[in-house]
Structures are given as structure tokens and as C-alpha cells.
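This report concerns only the one structure given below.
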Amino acid sequence: MESAIAEDAAEVEQSSGPVGADEIAEVESVIGAGTPQPIGSFRFWFTEQRWEWSDEVAAMHGYAPGEVEPTTELLLAHKHPEDRDRVAGAITNMIENGEPFSSRHRIIDTGGFEHEVIAVADLMADDQGSIVGTLGYYIEITDIVQENPEEALPELYEGRETIEQAKGALMLIYGLTPDQAFRLLRWRSQETNVKLRALATRLVAELRPLTNEIPQFRTRFDHRLLTLHERIVSD
């Protein structure tokens, strides 16, 4: 299963545009049944409003492979009550505006257990290049801790500054802990067969131009930066 996700993730990451039909076919050919992993794929078609879950995503919701046909109603029914409205809004925005479904939220599975996940996605295109839906991954971050940190120390020390910058970006965007952010970077490194330092360097480089696209966020951040002292209680 890990090699399957690796092949698909590599295709997605190297693409300069939406995921095409060839990549979609590859997902179908390489993702199959197996031991549930904390990473699974999903797809959604805009016109049909139809979902597809990999076996791993089904398992996160408490279902056996092929046990249920995922729908928006079923998906929302499994969201944590405190997250449901926000996720519903993200799905509505996806359907109305043709945007990828991305979110950090909690899933309550059929056994009542809580799973914290990040949904990351990109647009999905057909053979003619027309946008037909969204393709992405659920990444479970429930109780994630850094695995075998000593194995990554040499590379971590070589590119410490850039890796820390990349971790900081993931922590800000997804609201992760340092260990969770590092685990996410390591996943992308392992599944795409790209060195951690190279991946972090590329991420940091591609984030810089994005700051010009979100002036409203920067304005709000400026305000918080310049007024932090007003909200700090002295010991």
C-alpha cells in the first residue's frame, strides 16, 4: 500500500496542474486492500457529487472495504459535532466553486472512536483537461509522535534551518505540533522518494510567492504581531 501511495503522490506532486485521467487510472491500479494505514485516498466528482474512498479511508470511518457507498451525508454524519458545520461549509464551497476539499477535522468511527485527520487535495481533470472533481488524501494525525527520530538525525542536521522552516509552515497552515509536522514531511519524503531536505527546500521556496496572494491574511497577521504585547500577561 505504501508503494502505491508513493507512486500516485509522486505523480501528483510533479504535475504542474490538476490531476489528470492517467494519474486517476494509476490510483485505481495501485490502491488495493491491505492492512489499514494512517493515510488513504479519496475522490469526488463535481457533476455527479459522487465520492470514492480507498479501503484506508473506509477503515478510518469504521467500515470494511466495500461495506458502504460513501455519500456527503454519510461523510458529515461521521464528523465530530464541533467540526461538522465547518466541514459542511468546505464541502459546499467545493461543490459551488469547484475547489479542492481540504480540511483538518475529527472523524467519529462506527465504534465511537475519534480520529483526527487532515484532508489535502488537488483538482482532478479528465483527458481533455476539463476539471471534473478533486482527488486527495486523508492523513490521520491522531496521537502521532515522531517515529525513530535518530534515523533522521543526519539529514535533519544537514538541512536543519530549511526543515524547521517547512515544519513551521505546516504547523501554521494545518495547526500541527512539531512532531506531527515532521511526520507529515517524512511521509511526503518517503512516499515520493525525495530526500527530506530537498522536499523541505522546495516547499519553502514555493511558499514565498504565495504570501503575495493572501494580503488579507498578512494584514491580520501584522495586526497580531504588532499587538502581541497587549495580550501577554506578566508573571
Side-chain angles (χ1 to χ4, degrees), residues 1-20 22-24 26-27 30-31 37-42 99-104 116-125 134-222 224-225:
M1 175 61 202
E2 291 181 357
S3 62
I5 296 178
E7 292 176 24
D8 176 57
E11 292 289 339
V12 173
E13 185 164 49
Q14 291 169 7
S15 173
S16 60
V19 182
D22 291 342
E23 288 84 355
I24 297 169
E26 184 176 3
V27 175
V30 297
I31 292 181
Q37 300 292 326
I39 299 167
S41 66
F42 68 87
E99 296 182 357
F101 168 63
S102 300
S103 172
R104 175 178 174 171
E116 188 168 4
V117 301
I118 297 173
V120 295
D122 199 359
L123 293 174
M124 183 170 60
T134 181
L135 164 69
Y137 299 93
Y138 273 115
I139 304 164
E140 183 160 1
I141 59 173
T142 309
D143 298 328
I144 282 180
V145 295
Q146 185 172 320
E147 300 172 356
N148 302 319
E150 60 277 2
E151 294 180 2
L153 284 179
E155 188 173 9
L156 181 61
Y157 283 126
E158 287 178 11
R160 174 185 299 229
E161 182 177 352
T162 303
I163 290 173
E164 289 300 316
Q165 285 180 316
K167 282 173 54 181
L170 294 174
M171 291 164 65
L172 174 64
I173 297 300
Y174 296 121
L176 303 178
T177 66
D179 281 348
Q180 290 170 338
F182 186 66
R183 172 69 174 80
L184 185 55
L185 275 177
R186 287 191 66 191
W187 166 63
R188 294 302 295 148
S189 173
Q190 293 166 354
E191 300 304 324
T192 58
N193 197 28
V194 176
K195 287 188 176 181
L196 183 65
R197 181 176 58 174
L199 200 70
T201 299
R202 189 69 248 171
L203 176 63
V204 171
E206 294 195 6
L207 280 175
R208 291 193 179 104
L210 292 180
T211 60
N212 296 324
E213 301 177 14
I214 47 175
Q216 186 178 36
F217 175 81
R218 290 188 60 180
T219 298
R220 295 171 67 181
F221 185 86
D222 289 347
R224 282 161 174 73
L225 177 63

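- The two residues L176 and Q180 have their closest heavy-atom pair at CA-OE1, 3.5 Å.
- For the atom pair L170 CG and I118 CD1, the distance stands at 8.0 Å (nearest 0.5 Å).
- In this structure Q165 satisfies the side chain to side chain donor-acceptor pair (under 3.5 Å) test with no other residue, sequence neighbours excluded.
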>> Run R202 and E206 through salt bridge (charged side-chain N to carboxylate O under 4.0 Å, His left out) and show every step you take.
In response: CA-CA 6 Å; R202 189 69 248 171; E206 294 195 6; 3.0 Å; yes
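- Distance check, rounded to the nearest 0.5 Å: CG of L123 to CG of L135 gives 10.0 Å.
- Remark: the backbone N or O of R188 is paired with a side-chain donor or acceptor of T192 at under 3.5 angstrom.
- Shortest non-hydrogen contact noted between T134 and P100 is OG1-CA, 3.5 Å.
- Shortest non-hydrogen contact noted between S102 and A121 is OG-N, 3.7 Å.
- Rounding to the nearest 0.5 angstrom, the gap separating the CE atom in M171 from the CG atom in D179 is 9.5 Å.
- One N or O on the side chain of R104 and one on the backbone of Y174 form a donor-acceptor pair closer than 3.5 Å.
- Rounding to the nearest 0.5 Å gives a distance of 8.5 Å between CD1 of I141 and CG of L184.
- Nearest heavy-atom pair, L199 versus L185, reported as atom, atom and distance to 0.1 Å: CD2-O, 3.8 Å.
- Separating the CG atom in L172 from the CG atom in L207 is a distance of 9.5 Å, to the nearest 0.5 Å.
- Of all heavy-atom pairs between L196 and R186, the closest is CD1-N, 4.0 Å.
- Contact of the W187 side chain with the I39 side chain is registered, since non-hydrogen atoms from C-beta on lie closer than 4.5 Å.
- In this structure, the ring of Y138 has its center less than 6.0 angstrom from the ring center of F42.
- For T201, the side chain to side chain contact (heavy atoms under 4.5 Å, CB included) partners two or more places apart in sequence, or in a different chain, are T162, R197.
- Rounding to the nearest 0.5 Å places OG of S189 at 9.0 Å from CD1 of I163.
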